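Here's a structure for you.
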Amino acid sequence: MKKHSILFVCLGNICRSPAAEGIMRHIVSEPGATGSWIIDSAGTSRYHIGDLPDHRMRLHARRRGIELTHRCRQVTESDFDDFDLIIGMDSANISNLRAIAPTPEAESKIHAMSEYFSPSARHDHVPDPYYEGAEGFELVLDLLDDACRNLYHSLTQS
Ligand code: 4NP
């Protein structure tokens, strides 16, 4: 069985990346899904280490049947050994990841979530919902669902 390991990364690791982790876990556990998966998330900051995801993100995800139980952690250099793909939500996440990538090979594992958006997407990154209302959280979940499904297909059809 083909093995895949993916780390989703955002700033706080309490909104976007744990939601991406939860959505991707959901997709790979759907009937008919194939492959062996290691899926995790982390933040570039230390602000919320040990915390559950933001209560608003947990609420909006739960309405879609996805429980978010990740505990916040900071991304580390060793993540570049442990994961094949390290996916940042916006350009600041990508810059921060590049700054800690220990080797050019490690740096080549970094990708932007927007690379997996459908062509019809009207965004070029996953916007930080932390200071937004309900629409911001719903938008993030819509963007992540689209990107995670495309990511799943790109990895399982190659
Ligand atoms: P995230 O959102 O990067 O999607 O987890 C944020 C969460 C917390 C903060 C910023 C963004 N913060 O400044 O505490």
Side-chain angles (χ1 to χ4, degrees), residues 4-30 33 37-77 79-80 82-101 107 109-156:
H4 309 276
S5 53
I6 307 170
L7 181 70
F8 295 105
V9 176
C10 62
L11 172 62
N13 191 216
I14 55 167
C15 295
R16 293 166 291 176
S17 62
E21 177 192 335
I23 289 169
M24 198 68 194
R25 285 184 189 278
H26 185 81
I27 290 169
V28 306
S29 64
E30 282 174 350
W37 299 84
I38 295 170
I39 300 165
D40 196 5
S41 65
T44 58
S45 74
R46 301 179 49 82
Y47 307 146
H48 298 280
I49 290 175
D51 291 355
L52 280 168
D54 184 284
H55 68 279
R56 297 163 296 172
M57 186 54 93
R58 296 178 73 199
L59 173 70
H60 287 274
R62 189 176 300 125
R63 288 181 182 157
R64 299 178 184 220
I66 295 170
E67 284 295 324
L68 302 181
T69 57
H70 176 78
R71 289 283 175 173
C72 175
R73 72 173 181 87
Q74 191 174 30
V75 66
T76 65
E77 214 180 285
D79 284 319
F80 288 89
D82 296 341
F83 294 92
D84 298 329
L85 272 179
I86 300 188
I87 301 180
M89 299 294 140
D90 63 27
S91 57
N93 307 151
I94 304 282
S95 305
N96 288 326
L97 284 167
R98 288 210 175 110
I100 60 165
E107 195 171 339
K109 296 181 172 185
I110 302 169
H111 291 263
M113 196 59 161
S114 58
E115 292 173 36
Y116 306 99
F117 287 176
S118 291
S120 59
R122 297 170 70 178
H123 291 81
D124 62 5
H125 66 288
V126 183
D128 183 350
Y130 194 63
Y131 297 105
E132 303 294 330
E135 296 81 7
F137 286 85
E138 286 297 315
L139 170 64
V140 166
L141 289 168
D142 287 343
L143 290 170
L144 293 177
D145 188 66
D146 173 59
C148 285
R149 287 186 187 281
N150 292 332
L151 172 60
Y152 172 81
H153 288 299
S154 77
L155 292 174
T156 53

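We're numbering straight along the sequence, starting at 1. Quick caveat: nothing in here was measured; it's all calculated off a predicted structure.
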**OP:** Measure the CE-CG distance between M24 and L151 for me, rounded to the nearest 0.5 Å.
**Re:**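 One gets 4.0 Å once the value is rounded to the nearest 0.5 Å.
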Original post:
Taking only residues two or more places apart in sequence, or in another chain, which ones meet H60 in a ring-ring contact (aromatic ring centres under 6.0 Å, His included)?
Top reply: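 Here the qualifying residues are F137.
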Subject >> Test item: H70 side-chain N/O and S41 main-chain N/O as donor-acceptor pair under 3.5 Å >> reply: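 Side chain of H70 to backbone of S41: a pair is present.
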Subject >> side-chain hydrogen bond (donor to acceptor under 3.5 Å, both in side chains) against S118, all qualifying residues, sequence neighbours excluded >> reply: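 Applying side-chain hydrogen bond (donor to acceptor under 3.5 Å, both in side chains) to S118 gives D146, N150.
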Subject >> Rounded distance [0.5 Å steps], CG in L97 versus CZ in F80 >> reply: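 Going from CG on L97 over to CZ on F80, the span is 5.0 Å.
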Original post:
How close do L68 and G22 get, heavy atom to heavy atom, and via which atoms?
Top reply: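 Reported closest heavy-atom pair: CD2-CA, 3.8 Å.
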Original post:
Can M57 and L141 be said to form a side-chain contact (heavy atoms from CB on, under 4.5 Å), step by step?
Top reply: CA-CA 9 Å; M57 186 54 93; L141 289 168; 3.9 Å; yes
Original post:
What pair of heavy atoms forms the shortest contact from P18 to C10, and how long is it?
Top reply: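 Nearest heavy atoms, P18 then C10: CD-SG, 4.4 Å.
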**OP:** Output all residues satisfying side-chain contact (heavy atoms from CB on, under 4.5 Å) with S45, sequence neighbours left out; order by chain, then residue number.
**Re:**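 For S45, the residues satisfying side-chain contact (heavy atoms from CB on, under 4.5 Å) (neighbours in sequence not counted) are L11, Y47.
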**OP:** With side chain to side chain donor-acceptor pair (under 3.5 Å) as the test, would you mind laying out the steps for N93 and T44 before giving the verdict?
**Re:** CA-CA 7 Å; N93 307 151; T44 58; 4.6 Å; no
Original post:
Is there a side-chain contact (heavy atoms from CB on, under 4.5 Å) between Q74 and I49 once you walk through the steps?
Top reply: CA-CA 7 Å; Q74 191 174 30; I49 290 175; 4.3 Å; yes
Subject >> For Y152, ring-ring contact (aromatic ring centres under 6.0 Å, His included) partners two or more places apart >> reply: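 ring-ring contact (aromatic ring centres under 6.0 Å, His included) check on Y152 returns W37.
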Original post:
Looking only at heavy atoms, what is the nearest atom pair of L144 and A19, with distance?
Top reply: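 Taking every non-hydrogen atom into account, CD1-CB, 3.7 Å.
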Original post:
Can you list the residues that meet the side-chain hydrogen bond (donor to acceptor under 3.5 Å, both in side chains) rule with S95, with sequence neighbours excluded?
Top reply: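 For S95 there are no side-chain hydrogen bond (donor to acceptor under 3.5 Å, both in side chains) partners, ignoring immediate neighbours.
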**OP:** Please list, chain by chain and in numerical order, all residues satisfying side-chain hydrogen bond (donor to acceptor under 3.5 Å, both in side chains) with D84, sequence neighbours excluded.
**Re:**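 With sequence neighbours excluded, D84 shows a side-chain hydrogen bond (donor to acceptor under 3.5 Å, both in side chains) to S5, given in chain and number order.
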Original post:
Can you list the residues that meet the side-chain hydrogen bond (donor to acceptor under 3.5 Å, both in side chains) rule with R149, with sequence neighbours excluded?
Top reply: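 For R149, the residues satisfying side-chain hydrogen bond (donor to acceptor under 3.5 Å, both in side chains) (neighbours in sequence not counted) are E30, D145.
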Original post:
Atom CD1 of I94 and atom CD of E107: how far apart are they, to the nearest 0.5 Å?
Top reply: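 Reported to 0.5 Å precision, the distance equals 10.5 Å.
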Original post:
Heavy-atom distance under 4.5 Å between the side chains of C15 and V140, does that happen here?
Top reply: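 Of all side-chain heavy-atom pairs linking V140 with C15, none is under 4.5 Å.
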Original post:
In Å, rounded to the nearest 0.5 Å, how long is the span from CD1 of I27 to OG1 of T156?
Top reply: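 So the gap between those two atoms works out to 10.5 Å.
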Original post:
OG/S17 to CE/M89 distance, rounded to the nearest 0.5 angstrom?
Top reply: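 Separation between the atoms: 6.0 Å.
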Subject >> side-chain contact (heavy atoms from CB on, under 4.5 Å) involving H48 - partner list, sequence neighbours excluded >> reply: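 H48 satisfies side-chain contact (heavy atoms from CB on, under 4.5 Å) with I14, D51, C72, Y130 once adjacent residues are dropped.
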**OP:** Scan for salt bridge (Lys or Arg N to Asp or Glu O under 4.0 Å) pairs involving residues 5-25, sequence neighbours excluded, and state none if there are none.
**Re:**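 Passing the test, one end in residues 5-25: R16-D90, E21-R25.
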Original post:
Are any of the side-chain heavy atoms of K109 and F83 separated by less than 4.5 Å?
Top reply: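 No, their side chains stay 4.5 Å or more apart.
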**OP:** Quick one: list whatever passes side-chain contact (heavy atoms from CB on, under 4.5 Å) with L52, sequence neighbours left out.
**Re:**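 Scan of L52 (side-chain contact (heavy atoms from CB on, under 4.5 Å), adjacent residues dropped) gives R58, R71.
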**OP:** Just grab all the salt bridge (Lys or Arg N to Asp or Glu O under 4.0 Å) pairs involving residues 112-138, residues at least two apart or on different chains.
**Re:**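 Found R64-E138.
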Original post:
Out of curiosity, S91 OG to N96 CG, how far, rounded to the nearest 0.5 Å?
Top reply: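 Between S91 OG and N96 CG, I get 9.5 Å after rounding to 0.5 Å.
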Original post:
Taking only residues at least two apart or on different chains, which pairs with a member in residues 38-48 satisfy salt bridge (Lys or Arg N to Asp or Glu O under 4.0 Å)?
Top reply: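 Residue pairs passing salt bridge (Lys or Arg N to Asp or Glu O under 4.0 Å), neighbours aside: D40-R73.
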